[in-house]
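In what follows, a structure is listed as structure tokens, so that the remarks can point back to it.
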4 protein chains.
Amino acid sequence: MKKTARIREYGIQIGKLPRGEKNLITDVPGVKVGHVTLSREGLQTGVTAILPHDGNLFRDKVVAATHVINGFGKSIGLMQVDELGTLETPIVLTNTLNVGLAADGLVEYMLQQNPEIGVKTGTVNPVVCECNDAYLNDVRNRGVKQAHIKQAIEKASADFQEGAVGAGRGMSCYHLKGGIGSSSRVISLRDVDFTLGVLVLSNFGERGDLLVDGRKMGREIEECLQSQSFEKDKGSVIVVMATDAPVSDRQLKRILRRGVVGLARTGSYLGTGSGDVLVGFTNANRVQHFEEAPVVSQQVLNENLIDDFFRAMAEATEEAVLNSMVSAEAVTGIRQHHRETLAHYLTTLVE
Amino acid sequence: MKKTARIREYGIQIGKLPRGEKNLITDVPGVKVGHVTLSREGLQTGVTAILPHDGNLFRDKVVAATHVINGFGKSIGLMQVDELGTLETPIVLTNTLNVGLAADGLVEYMLQQNPEIGVKTGTVNPVVCECNDAYLNDVRNRGVKQAHIKQAIEKASADFQEGAVGAGRGMSCYHLKGGIGSSSRVISLRDVDFTLGVLVLSNFGERGDLLVDGRKMGREIEECLQSQSFEKDKGSVIVVMATDAPVSDRQLKRILRRGVVGLARTGSYLGTGSGDVLVGFTNANRVQHFEEAPVVSQQVLNENLIDDFFRAMAEATEEAVLNSMVSAEAVTGIRQHHRETLAHYLTTLVE
Amino acid sequence: MKKTARIREYGIQIGKLPRGEKNLITDVPGVKVGHVTLSREGLQTGVTAILPHDGNLFRDKVVAATHVINGFGKSIGLMQVDELGTLETPIVLTNTLNVGLAADGLVEYMLQQNPEIGVKTGTVNPVVCECNDAYLNDVRNRGVKQAHIKQAIEKASADFQEGAVGAGRGMSCYHLKGGIGSSSRVISLRDVDFTLGVLVLSNFGERGDLLVDGRKMGREIEECLQSQSFEKDKGSVIVVMATDAPVSDRQLKRILRRGVVGLARTGSYLGTGSGDVLVGFTNANRVQHFEEAPVVSQQVLNENLIDDFFRAMAEATEEAVLNSMVSAEAVTGIRQHHRETLAHYLTTLVE
Amino acid sequence: MKKTARIREYGIQIGKLPRGEKNLITDVPGVKVGHVTLSREGLQTGVTAILPHDGNLFRDKVVAATHVINGFGKSIGLMQVDELGTLETPIVLTNTLNVGLAADGLVEYMLQQNPEIGVKTGTVNPVVCECNDAYLNDVRNRGVKQAHIKQAIEKASADFQEGAVGAGRGMSCYHLKGGIGSSSRVISLRDVDFTLGVLVLSNFGERGDLLVDGRKMGREIEECLQSQSFEKDKGSVIVVMATDAPVSDRQLKRILRRGVVGLARTGSYLGTGSGDVLVGFTNANRVQHFEEAPVVSQQVLNENLIDDFFRAMAEATEEAVLNSMVSAEAVTGIRQHHRETLAHYLTTLVE
């Protein structure tokens, strides 16, 4: 796997909580990420799948929640996650016009794994989130097919690439190259360590607004280029959060709400055209599809101690966005549209 | 305590689940209800307090939730209940323009009980819900004073009156006399019995719409009177739900959402002027204000078995509304406004 | 078109507001409905499309809103409707596991109509709602293909069939045959008439609970059969509402919330397994995709007069559910599962 | 009126949009602000009232919305604002345990102005928001009385003080002195100028987290003091937004949601103990209490052009928080608790 520098290697420390070992969402034990990248000429897109644990997710669901910052987006499956507080499929990320085929591919995968769906038990709720990569990608072509979903799931691993890969292949962030980025934080509560990890699909922001840990990088770039971008924020960002801490669905939702802090600190003002959506889960709390006991026990966090999780969410989201940008290579796509990298400017612009 | 007939004594059986022993919200062990009734000339109002358990509620909070069917109302304290999933004061019911003084009275009571509030710990979230009894009551006078809150709390008991008492003194329901009503259901899950109880403050509906277990009672009344009421639904209804089943705040909220079924079956179409609000709690799940453990255990219901709680909520709400009406005596209040009783029509109109 | 009796022809009058001419959602001028019905052996399913007006819906959007009673469902596109208050595609109904392919078919149709999507402008938000017809239909087979969406849209007409057609082909309601039903009401405000129409895809309820205008029909059926059904409510219901009254998105949402009254009055207690979802629009308020003016004028309803719309929503929803049931023929599907009709019992059981 | 320096006078420019003439919420024509400040020994608190226009607000309501970032707070009246999309009283700010008495005072004021309330028409919805000033103020004493509300309203003016005044008297922000701050932005849409103004009651944040336009001021302060604060974020912040642009209630809510960007950029991670609440209104769209016309016309913003309002909200909120801090004098209150000013550190710490 090709290694690209991450934001810390530029001397930038986001926040004050300790990072997990890999500083990835997969620092949460059991979580895996898989990509399918489609890149040939105008087709610059793909699929990314996030798996909460190794088992059968339909039968052994994880407690989950969602939060919508700005609902100008086409993500699906969120309604049921909120109603029941559980996630029963991998989370699939792709481009906006491929949500339908991706959902069908995810359903197909789940049906193969679970012959009882639609026969002995009800149905399944696929969760597919999206951003619009139409600047670089021939999005009308709907290049992602059902089979890519299964491939992404089966390729999932605790090690995964960031940048212009998977669903991030064609994404733009602050009108530079965006895509997949990740980060994690460790929270110690009375000598027990928990991990909170974030993965973003970044595709939002206006160039002149970009902030890097307080530095007005966007303004510097525009001064350097002697041009001001008039592109609007029409992107979207998906933030996936994972933890191994025993939190309730309500607590998860509260933690997710702090992701906006990280987005704002990279320079976003949450433009109308950007569907900003968060999905989170804990694999420490499970719900059995065929549960027999009338009452089950759940561990939940002492809410008096939740602040470090809020801080972790804010920090990891900010760092994941920056990682998505510095890890990405430059991409030229449809109509010769091109996105330069943040890495380029970080190395050429002296502060 | 004067005994009035309840709807079952008219041969009317709502639903099919078994009732609790008293068919009251206080069938849930530990729950108590207290009234202060103010009745002299134009002053026809009062206070009702619902206590979830006998202990110190601020330190030993109950898991709780709310649901707003129609937010044209002035209830307070709901926002924090939803954010944190807990209730830390008794629930106080009163008339619409007395919410401020009632909240102050409830705060005063809580400060007396808890000298640490505002000094060693933060603040307290009073929950006060209301309906508008201005048809019978001189509501501009704000006759409920702070001291009445403490009195209602201290008078709380497992036995309590229904009808034109407490906060229900001046309320109207379907333009007949409304007020306080209650009912309960027993849910058996694999040989364990749980109780769900409902108390309503009923003050909603249009006369011609009244249904009694499917019978078009409102239409019969208007035919009997040879007059059609043109009063609109401007009332409101508050539904308080209690249970001893171990449910999460999300599950509580789902159960509360079924209260609307009971309201609809008594004839309401949820008029714009009626602020319809539900608050529920379980005293089987507690949250300690000064919790020290980082992680705490909570029992939650197997969601596959939640349907009987939904049915219980629908049935108990419908029956509680009818009980509030048949238990109420006729009241003449301000400007000689008068509300007749449903009992009167049930005994005079032959089906 | 085969004509089946509707609930009024059984002498049953739901509510008191006047009906529209056809007593269909298409009494709202401009609204059209189209079905594709798939029926051969185990395949008993289909597609229904509702078109808000005759023009290009993407460029000339209608003001819209949604309301989720119970989010245990897989409907898609609701998030953006709520964020922006607009609907930009026809509403497509189908079975639960076909949502992905139906969304893709709807996207394909929209791309054909609008070559600018994904090139000169952003993306499109397909709205697809679903119920689970797995009792009668081989749902795992995903028999609905992309092309069926275009067909349903192109077949749309102001005249359309109710019952076991389109998306309703395989649906069950109160464990009898359900499907597509419709009804409308006329609201007169100071000499101006407005129409509110409802179309339901009914697939909810437990047999013993069925109420027909207050009559405990479900109980009578079970007594007649000398058997009690132990099937749970696992269905779902989709309620689509249309009006030509100038209402805001917030007012639409308030009107939609009254749909639950109609559902409750047919006997539902809103079972956990039933994803109950409402989508509504007014074609009297439009939003132009390529709007140039900074400020646009919108007509909104005087909220003091909204009650008749609430009542119309409650009544039309109740009647549409009953129409879906009496209009439906009996269907035998996969595994020889069979659903009898309500019409059968209404004619054989003497009250 | 004593003039204090504001953040711009320290050479700090927040954002890029132009400011209004006074850089205050009262740049929105018709908006007025009034304070009552209570300051003697342990009593360090007060009231601030914001008036949307000069007329009778109950009869001539303004279109309004709310947004709750974190519901750990006791603000009242928000439910009805969201249901009906209107505000019918001034917005009153005070300390957390005085919400009840303040609501009663606001009701008293409204009853005096409107003799029809509770007689010929329904009731009134007081909006009172709060933060917890218990660190400096003897909050258990409930020093704010009903009469102070009327005083604050009657003293309201387009010129008003910021800092440790009114409801801000006892508030802390980032563990320095906080209180009342304001800022405004001008948005030009096709040659028409609109103003968006913000007023904050700031009482949130942890000292080490403070950011001033990207500068890690909190860290510098802690290094300077050679001590780290272990106080948690237990404050709350209220953000009031006013505009003269014709926006709908939904558009207002979307604009309000961008306030969090401003809070995050001053260093907040939205701590659990901080009830962060926003209320906004436009006085360009009115709703008449006694409206007679069935349909009324409303101007709404072309949503394609809403981004500048989002940016304005983010910028004005950030600047208002900083203004609240630099405008405030140091205060010593109950138990000799003391809060230093940000102005002190901005002038002593060289960047």
Side-chain angles (χ1 to χ4, degrees), chain B residues 13 15-17 67-72 206 208-209 211-219 222 228 232-234 250-251 253-274 276 301-318, chain C residues 13 15-17 67-72 206 208-209 211-219 222 228 232-234 250-251 253-274 276 301-318:
Chain B
Q13 299 278 345
K16 61 186 195 188
L17 291 175
H67 173 57
V68 176
I69 298 172
N70 181 29
F72 196 162
E206 299 182 15
D209 291 335
L211 300 174
V212 176
D213 196 26
R215 179 179 171 189
K216 295 187 175 69
M217 198 73 205
R219 199 176 296 177
E222 300 217 323
Q228 195 186 339
K232 301 296 293 178
D233 182 359
K234 295 202 292 194
R250 186 183 50 73
Q251 291 175 331
K253 192 179 271 280
R254 296 190 78 208
I255 296 169
L256 288 176
R257 290 179 82 99
R258 274 65 193 178
V260 74
V261 172
L263 301 181
R265 293 223 183 117
T266 65
S268 173
Y269 65 90
L270 312 174
T272 181
S274 181
D276 300 344
L301 190 65
N302 174 351
E303 200 114 350
N304 296 334
L305 303 178
I306 204 169
D307 266 343
D308 277 351
F309 288 87
F310 288 1
R311 188 184 286 278
M313 183 70 195
E315 291 187 3
T317 302
E318 182 178 358
Chain C
Q13 299 279 345
K16 61 186 194 188
L17 290 174
H67 173 58
V68 176
I69 298 172
N70 182 28
F72 196 162
E206 299 183 16
D209 291 335
L211 300 174
V212 177
D213 196 26
R215 181 180 170 189
K216 296 189 174 69
M217 198 72 205
R219 200 176 295 176
E222 300 217 323
Q228 196 187 335
K232 300 296 293 179
D233 182 359
K234 295 202 291 193
R250 186 183 49 74
Q251 291 175 331
K253 191 178 270 282
R254 295 190 79 208
I255 296 169
L256 288 175
R257 290 179 81 100
R258 274 66 193 179
V260 73
V261 172
L263 301 180
R265 294 225 183 115
T266 65
S268 172
Y269 65 91
L270 312 173
T272 182
S274 180
D276 300 345
L301 189 66
N302 174 352
E303 200 115 350
N304 297 334
L305 304 177
I306 205 170
D307 266 343
D308 276 353
F309 288 87
F310 288 0
R311 188 183 287 278
M313 183 69 195
E315 290 186 4
T317 303
E318 182 178 358

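Order of the sequence lines sets the chain letters (A, B, ...), proteins ahead of strands, with each chain counted from 1.
- Proximity to chain C (any heavy atom under 4.5 Å) is restricted, for B:E206, to the side chain, taken from C-beta onward.
- Within the structure, the salt bridge (Lys or Arg N to Asp or Glu O under 4.0 Å) test picks out the following pairs touching residues 254-269 of chain C (sequence neighbours left out): C:R254-C:E303, C:R254-D:E83.
- In this structure, CG in C:N70 is found 6.5 Å from CZ in B:F310, a value given to the nearest 0.5 Å.
- By the salt bridge (charged side-chain N to carboxylate O under 4.0 Å, His left out) test, C:D209 is found to be paired with B:R311, residues two or more places apart in sequence or in another chain being considered.
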* Chi angles and distances behind the side-chain contact (heavy atoms from CB on, under 4.5 Å) call for B:K232, C:D307 -> CA-CA 9 Å; B:K232 301 296 293 178; C:D307 266 343; 3.3 Å; yes
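- Residue B:A314 touches chain C through its side chain alone, counting heavy-atom pairs closer than 4.5 Å.
- Here B:D213 is the residue among B:D213, B:L263, B:N304, B:L211 with the most heavy-atom pairs under 4.5 Å with chain C.
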